[in-house]
Every structure is written in structure tokens, then in C-alpha cells.
Asker: 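Sending over a structure as C-alpha cells; questions will come in a sec.
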Amino acid sequence: MGRKIFISYKYKDTNVKQIDSIWNSQNRNTRVRDYVDILQRLIGEENVNKGEKDGEDMSVLEDSTIQSVLGDKIYDSSITLVLISPNMRDPSLLETEQWIPWEISYSLREQSRDGRTSKTNAVMAIVLPDADNSYDYYLKEHTCPYCNTRTLQTDRLFKILSVNMFNRYNPTFSTCPYHAANNRPETGEASYIPSVKWDDFISDVEGNLQRLERIKDNVNDYNIKKNLKTIVENN
């Protein structure tokens with residue numbers, strides 16, 4: 001596919017659908033990391049950089065160390081895929097003490113190396129099915145029976161994800177008459193970081209990556225917030 005892709009995920013979260021044995025050769029409880037293995041095979045391992053590793057603790061790291069670790073991983077990528085899972089957030093830690101928010105922040109930033117500046121990555125939230133094979137913990141389909149609206153429970157996400165969703169400067173809205181005028185769902189590419197179900201992503205990997213590239217081509221249409229500490233302080 002010729003792209004460099006960074007994958008951000010919660011390594012140890014096991015509250016996800018068990019993967020069939022054809023993918024899970026170790027025959028143990030599935031972790032989010034196992035879904036990353038599938039993506040590597042589908043996209044090409046040589047095109048993928050991975051985020052958090054088992055046992056990495058960033059809560060004691062200085063900002064300069066975080067920048068060094070993540071900057072090098074993300075700099076040469078153009079797309080970031082964030083795997084959404086039920087336990088991706090650790091409530092015992094601040095968001096600034098967890099890897100995923102920093103990975104998203106550096107994906108959205110421009111970085112300079114040797115006189116070359118990288119552009120903001122395209123970013124997609126891929127929603128994994130939970131252990132009951134349901135997406136309802138975050139994404140609910142057909143919440144309006146008349147216009148097939150879907151609802152995203154963005155309050156379950158890290159703030160740097162949620163503030164970069166439904167952030168188009170000039171949004172368009174549904175004309176469905178069964179929504180109040182001040183509560184009409186947005187239509188089209190409403191978010192710089194769109195959300196896609198796992199099953200829908202892997203059924204058309206190339207189509208989803210091309211969709212991300214189209215959104216990135218229109219990056220100036222979105223109010224993108226990149227500074228993690230500012231986002232956490234203001235929300």
C-alpha cells in the first residue's frame with residue numbers, strides 16, 4: 001500500500017471479542033494487541049509502527065523523553081489508527097500519564113527533522129467489539145428509526161480524541177424532521193477523527209485508508225486541537 005501507519009492501542013485490554021484460532025495461534029484470551037497483529041498482516045508489517053508495549057510506564061517520564069520516544073515513531077507516518085476498546089482509559093491515571101493521548105497529540109502535530117517538517121497525520125478511531133461482540137459501549141447504530149442516525153459516546157474517550165470529533169468549522173446537518181432544531185445530527189465528514197467499526201474497517205481496508213487521506217486533504221476545514229496539556233486543563 002506504500003503508506004506508513006502508526007497504531008495506537010491499549011496493549012493489555014482483554015475486554016474484547018475473542019479472535020478466531022486462525023488469527024490467534026497462541027490459543028489464549030484475546031488482547032487488543034492481537035488485533036494489532038491482524039492489522040499488520042492486512043496492511044503489511046513493514047508499513048506499520050506500533051505504540052504502547054507491554055509494561056511500558058510513562059507516568060515518570062519527562063516531556064523531553066516522551067517527545068524522543070514518540071517523535072521518532074510517529075514522524076515518518078502519515079496515518080494513525082487508534083484502536084478503541086472498553087478499557088483503553090485507566091481511571092487511576094491522569095490522561096497525561098497514559099500513552100494513547102500523547103500518541104494522538106504527536107500524530108496531530110507537525111514535527112521537524114533535518115530541515116523537513118512532517119504534516120498532521122490522518123487519524124481514524126477503529127472501534128473493537130467488546131467481549132460480548134457488541135459495539136454499544138461506544139457506538140450505537142440506528143438511534144433514530146427515521147434517518148438511521150448513529151450515536152457516539154465520546155465521553156468514554158480520551159479528551160484529545162473527543163475534541164477532534166464533530167469539529168468541522170462549517171458542519172452540515174440532517175434534515176430529518178424527527179430531531180429538534182438544536183439537536184440535529186451532523187452529516188458528511190463531520191470529524192477529523194472519524195469512528196469506524198472493526199468489522200467495517202477490515203472488510204475494506206484500502207477504502208477506509210483512502211477515506212482518511214481525503215479528510216486529510218481537507219485538513220483546514222477542521223478545528224484541530226493538538227496540545228494535550230492544554231486540552232486536559234480546559235476540559
Asker: Does a donor on one side chain sit under 3.5 Å from an acceptor on the other, for D90 and S92?
Answerer: yes

Asker: Going by distance alone, is a donor N or O of one side chain under 3.5 Å from an acceptor N or O of the other, for T154 and S162?
Answerer: no

Asker: Please walk me through it: do S78 and K216 pass side chain to side chain contact (heavy atoms under 4.5 Å, CB included)?
Answerer: CA-CA 9 Å; S78 60; K216 182 179 177 179; 3.7 Å; yes

Asker: Can you tell if the side chain of R211 reaches within under 4.5 Å of the side chain of P194, non-hydrogen atoms only?
Answerer: yes

Asker: A side-chain contact here means heavy atoms from C-beta on lying under 4.5 Å apart; do Y135 and D130 qualify?
Answerer: no

Asker: With heavy-atom distances below 4.5 Å as the criterion, would you say the side chains of V82 and F158 are in contact?
Answerer: no

Asker: May I ask you to check whether K226 and T120 show a side-chain donor-acceptor distance below 3.5 Å?
Answerer: yes

Asker: With a cutoff of under 4.5 Å between side-chain heavy atoms, which Ile, Leu, Val, Met, Phe, Trp and Tyr residues group with L94?
Answerer: none

Asker: What closest approach, in Å, do N121 and L108 show between heavy atoms, and which atom pair accounts for it?
Answerer: O-CD2, 4.4 Å

Asker: Does any part of the side chain of T149, heavy atoms only, come nearer than 4.5 Å to the side chain of C176, both counted from C-beta?
Answerer: no

Asker: Say you draw a straight line from CG of L152 to NZ of K140; how long is it, rounded to the nearest 0.5 Å?
Answerer: 11.5 Å

Asker: Check R184 against S174 and note the closest heavy-atom contact, atom names and distance.
Answerer: CD-O, 3.4 Å

Asker: Tell me, with the steps shown, if L83 and L39 meet side chain to side chain contact (heavy atoms under 4.5 Å, CB included).
Answerer: CA-CA 11 Å; L83 301 191; L39 288 176; 3.9 Å; yes

Asker: Please walk me through it: do Y138 and S195 pass side-chain hydrogen bond (donor to acceptor under 3.5 Å, both in side chains)?
Answerer: CA-CA 10 Å; Y138 169 66; S195 299; 2.8 Å; yes

Asker: Given side chain to side chain contact (heavy atoms under 4.5 Å, CB included), test V123 with N164 step by step and report yes or no.
Answerer: CA-CA 10 Å; V123 184; N164 287 298; over 6 Å; no

Asker: If I take atom CD1 from residue I74 and atom CZ from residue F6, how far apart are they, to the nearest 0.5 angstrom?
Answerer: 4.0 Å

Asker: Which atom pair, heavy atoms only, marks the closest approach of K10 to S85?
Answerer: CB-OG, 4.3 Å

Asker: Test V196 against V127 for side chain to side chain contact (heavy atoms under 4.5 Å, CB included), laying out the working first.
Answerer: CA-CA 6 Å; V196 177; V127 188; over 6 Å; no

Asker: Should T172 and E186 count as side-chain neighbours, where that means a heavy-atom distance under 4.5 Å?
Answerer: no

Asker: One thing to verify: whether R214 and E189 come together as a salt bridge, which I'm taking to mean a side-chain N less than 4.0 angstrom from a carboxylate O.
Answerer: no

Asker: Under the rule for side chain to side chain donor-acceptor pair (under 3.5 Å), what residues qualify as partners of Q153, not counting sequence neighbours?
Answerer: none

Asker: If you measure from CD on E103 to CD1 on I160, what distance do you get to the nearest 0.5 Å?
Answerer: 11.0 Å

Asker: Is it true that D37 and R33 have a side-chain N and a carboxylate O under 4.0 angstrom from each other?
Answerer: yes

Asker: Can you give me the closest heavy-atom contact between E95 and P101, atom names plus distance?
Answerer: O-CG, 3.4 Å

Asker: Please list, chain by chain and in numerical order, all residues satisfying salt bridge (charged side-chain N to carboxylate O under 4.0 Å, His left out) with D221, sequence neighbours excluded.
Answerer: R168

Asker: Under 3.5 Å, side chain of N234 to main-chain N/O of I231, donor-acceptor pair present?
Answerer: no

Asker: Please check this pair: side chain of Q18 against backbone of T30, looking for a donor-acceptor N/O pair closer than 3.5 Å.
Answerer: yes

Asker: Among all residues two or more places apart in sequence or in another chain, which pass the side chain to side chain donor-acceptor pair (under 3.5 Å) test with S191?
Answerer: none

Asker: Under a 4.5 Å cut-off applied to non-hydrogen side-chain atoms, are S8 and L81 in contact?
Answerer: no

Asker: Looking at every non-hydrogen atom in both residues, tell me the closest pair between Q98 and L93 and how far apart they are.
Answerer: NE2-O, 3.2 Å

Asker: Under 3.5 Å, is there a donor on one side chain and an acceptor on the other for N227 and S105?
Answerer: no

Asker: Tell me every residue that passes salt bridge (charged side-chain N to carboxylate O under 4.0 Å, His left out) with K225, counting only those two or more places apart in sequence or in another chain.
Answerer: none

Asker: Just so I know, are the side chains of M88 and I100 near enough to count as touching, which here means a heavy-atom distance under 4.5 Å?
Answerer: yes

Asker: CD/E233 to CG/L228 distance, rounded to the nearest 0.5 angstrom?
Answerer: 9.5 Å

Asker: On a heavy-atom basis, which atom in R150 and which in L139 lie closest, and how many Å separate them?
Answerer: NH1-CD1, 3.4 Å

Asker: So, taking the atom named CD1 in I79 and the one named CD1 in I5, what distance separates them when rounded to the nearest 0.5 Å?
Answerer: 5.0 Å

Asker: Is there a side-chain contact between Y11 and V32 (heavy atoms, below 4.5 Å)?
Answerer: no

Asker: Do the side-chain N and O atoms of T14 and N29 include a donor-acceptor pair separated by under 3.5 angstrom?
Answerer: no

Asker: Pairs in or reaching into residues 164-206: which pass ring-ring contact (aromatic ring centres under 6.0 Å, His included), with residues at least two apart or in two chains?
Answerer: Y35-W198, Y146-Y178, Y192-Y222

Asker: Measuring from atom CD1 of I126 to atom CD1 of I202, what distance do you get when rounded to the nearest 0.5 angstrom?
Answerer: 9.5 Å

